[in-house]
Chemist: 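Got a structure for you, written out below as structure tokens; questions coming shortly.
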Protein chains: 2
Amino acid sequence: MTTQVSPGAGPAPEPPVGEPRWLDAEEQRAWRAWLYSTQLLNDRLDRELMRATGIPHTYYEILVQLSETPDRQMRMSELADRCLSSRSRLSHAVSRLEERGWVRRQECAEDGRGLLAVLTDEGFAALEAAAPIHVEGVRTHLFDQLTLEQVAAMRDLGETLLRHLDPS
Amino acid sequence: MTTQVSPGAGPAPEPPVGEPRWLDAEEQRAWRAWLYSTQLLNDRLDRELMRATGIPHTYYEILVQLSETPDRQMRMSELADRCLSSRSRLSHAVSRLEERGWVRRQECAEDGRGLLAVLTDEGFAALEAAAPIHVEGVRTHLFDQLTLEQVAAMRDLGETLLRHLDPS
DNA sequence: GTAGCGTAGTTGAGCGCTTGACTATTCCGC
DNA sequence: GCGGAATAGTCAAGCGCTCAACTACGCTAC
């Protein structure tokens, strides 16, 4: 089951120290459901966005982050952090977006090492075109499927995990 | 906010038909928490598995699926379906696993078009070595962070979404 | 039997991502 | 000031994935 090779099932009989803490049957079900649903949802949204607009979700995220700053620009490193991206990945991605004319790099006055990524008008227009596609996907495949209680639970789960995974 | 360009916030005032159904503030929070937490969790587990064992999670999943069949073999197509993988991707992946001697392809008696992917003893051993690493990651970064109620909610959410995304 | 269509699986080009090494600049202690 | 460490960002090689085209076999009808 995705995480098991040996035992499996049963109500977790407190393994000795050093022994793997295998998942019991309930945990297996929960883990598998989470793993598969997140994977299918991400694949689906990414594919729909890609088909409709030609940009992958990671690039979309860059445009979103830039669009939300007051002057539509941000230091490369901060942009990378906000996009949960490595610096290398962001650097490559910004190069691609620059080729399309959606972002441009600009030297940073306060720090000679630094660069600003600036969202161009064309980039903003591209984002405005892509956003309705994306939000419709999120509605259809996520929120339309859930009750208000489930949405609340989703937020609670996500925020709980974020406190552990990204304590920033 | 990841899915927004224009409006934002407020209790969703029933948009006219054709208008994007933007997310309200609560939905934004829920969506962002879900998106970021799933991404961070997957990245983390994949990276830890990769560092410790040299195999990416998608390859691990192939080995798991094969190990769970009675005779450790499966038709390529069915394996692809179970791994939520395209046939092309599975074909490439099996080729890599074959180079390591963990899987081999075998002709299928009943169907001249078909092939069986067979888990070798070396492959099973590799899986046995990787599984404790992986399950420990799932424990540490997921189950150890959650209450029993949250685990139940996670399963409920996942299964609800699966019914929509993968009605198989 | 053979034409035509559907299914099983593979392949290669192109892209995004990771890793690790690299340059350039700033910060800090003495 | 000056030397060394830390920070900002880039780049190239290698890998996994996608897409679309392709081969090969089976299935059905006539």
Side-chain angles (χ1 to χ4, degrees), chain A residues 39-40 42-63 66 73-100 102-118, chain B residues 39-40 42-63 66 73-100 102-118:
Chain A
Q39 195 168 323
L40 284 170
N42 282 330
D43 287 358
R44 188 101 160 217
L45 292 175
D46 196 25
R47 199 176 298 265
E48 288 179 1
L49 190 63
M50 190 73 182
R51 281 214 174 278
T53 71
I55 50 172
H57 187 256
T58 47
Y59 287 27
Y60 178 81
E61 185 73 21
I62 294 173
L63 301 181
L66 286 175
Q73 61 185 35
M74 203 185 293
R75 286 291 295 269
M76 293 288 283
S77 304
E78 189 181 348
L79 187 51
D81 291 344
R82 293 205 192 208
C83 294
L84 304 182
S85 170
S86 70
R87 277 119 209 265
S88 171
R89 174 163 145 195
L90 184 80
S91 181
H92 286 296
V94 166
S95 297
R96 299 301 151 268
L97 291 171
E98 219 169 5
E99 288 168 11
R100 300 193 191 209
W102 291 356
V103 171
R104 64 187 162 71
R105 276 179 244 244
Q106 187 178 299
E107 304 213 333
C108 178
E110 307 98 55
D111 188 337
R113 298 166 299 182
L115 291 177
L116 290 164
V118 185
Chain B
Q39 195 168 322
L40 284 170
N42 282 330
D43 287 359
R44 189 103 161 215
L45 292 175
D46 196 28
R47 200 176 298 266
E48 288 180 1
L49 190 64
M50 190 74 183
R51 280 214 175 278
T53 70
I55 50 174
H57 187 256
T58 47
Y59 287 26
Y60 178 80
E61 184 73 20
I62 293 172
L63 301 181
L66 286 176
Q73 61 186 33
M74 202 185 294
R75 286 290 295 270
M76 294 289 284
S77 302
E78 189 181 348
L79 187 52
D81 290 345
R82 293 205 193 207
C83 294
L84 303 182
S85 170
S86 70
R87 278 116 207 268
S88 169
R89 173 163 144 195
L90 183 80
S91 182
H92 285 296
V94 166
S95 297
R96 299 301 151 265
L97 291 172
E98 221 170 4
E99 288 168 10
R100 300 191 192 209
W102 292 355
V103 170
R104 64 186 163 73
R105 275 179 245 243
Q106 186 178 298
E107 304 214 333
C108 179
E110 307 99 56
D111 189 339
R113 296 165 299 181
L115 290 176
L116 289 164
V118 185

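Every chain is numbered from 1 and lettered A, B, ... according to where its sequence line falls, protein lines coming before strand lines.
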Chemist: C:dG16 phosphate, OP1 or OP2: any side-chain N/O from A:Tyr59 under 4.0 angstrom?
Modeler: yes
Chemist: Could you tell me how far apart A:Asp111 (CG) and D:dA6 (P) are, to the nearest whole angstrom?
Modeler: 17 Å
Chemist: Evaluate the side-chain proximity of B:Ile62 to B:Trp102: yes if any heavy-atom separation is below 4.5 Å, no if none is.
Modeler: no
Chemist: Measure the distance from CE on A:Met76 to P on D:dA8 and round it to the nearest whole Å.
Modeler: 12 Å
Chemist: Using a 4.0 Å heavy-atom cut-off, does B:Arg105 contact any base of the nucleic acid, only the sugar-phosphate backbone, or nothing at all?
Modeler: sugar-phosphate
Chemist: Looking at A:Ser85 and A:Asp81, would you say the former's side chain and the latter's main chain have a donor-acceptor pair under 3.5 Å?
Modeler: no
Chemist: According to side-chain contact (heavy atoms from CB on, under 4.5 Å), who are the partners of B:Arg104, at least two apart in sequence or on a separate chain?
Modeler: B:Glu98, B:Gln106, B:Val118, B:Thr120
Chemist: Does a side-chain N or O from A:Arg75 land closer than 4.0 Å to OP1 or OP2 of D:dG9, or not?
Modeler: yes
Chemist: Could you state the CG-P distance from A:Asn42 to D:dC17, rounded to the nearest angstrom?
Modeler: 15 Å
Chemist: Under the 3.5 Å rule, do the base of C:dT19 and the side chain of A:Ser86 count as making a donor-acceptor pair?
Modeler: no
Chemist: Without swapping roles, check the side chain of A:Asp46 against the backbone of A:His57 for a donor-acceptor pair under 3.5 Å.
Modeler: yes
Chemist: So, B:Thr53 side chain and B:Leu49 main chain: donor-acceptor pair closer than 3.5 Å or not?
Modeler: yes
Chemist: Atom CG of A:Leu84 and atom C1' of C:dT18: how far apart are they, to the nearest Å?
Modeler: 16 Å
Chemist: Let me know the distance between CG of B:Leu116 and P of C:dA8, rounded to the nearest Å.
Modeler: 13 Å
Chemist: Whether B:Thr58 contacts D:dC17 is assessed here as follows: a side-chain N or O lying under 4.0 Å from the phosphate OP1 or OP2. Is that the case?
Modeler: yes
Chemist: Is B:Arg113 close enough to D:dT23 that one of its side-chain N or O atoms is under 4.0 Å from OP1 or OP2 there?
Modeler: no
Chemist: Quick check: on DNA chain D, is the nucleotide nearest B:Gly112 upstream (toward 5') of the one nearest A:Ser77, or the reverse? Name the residue that is more 5'.
Modeler: A:Ser77
Chemist: Check the side chains of A:Thr58 and A:Arg89 for a donor-acceptor pair under 3.5 angstrom, ignoring hydrogens and angles.
Modeler: no
Chemist: Mind running a 4.0 Å heavy-atom check of residues 89-100 of chain B against DNA chain C and sending the residues that fall below it, in number order?
Modeler: B:Ser91, B:His92
Chemist: Nearest-Å distance, CG (A:Leu115) to P (C:dT26)?
Modeler: 12 Å
Chemist: What's the CD-P distance between A:Glu78 and D:dA8, to the nearest Å?
Modeler: 11 Å
Chemist: Between A:Cys83 and B:Gln39, is any pair of side-chain heavy atoms under 4.5 Å apart?
Modeler: no
Chemist: In whole angstrom, give the distance that lies between atom CE of B:Met50 and atom C1' of D:dG14.
Modeler: 10 Å
Chemist: Quick one: is C:dT18 close enough that its OP1 or OP2 comes under 4.0 Å of any side-chain N or O from A:Arg87?
Modeler: no
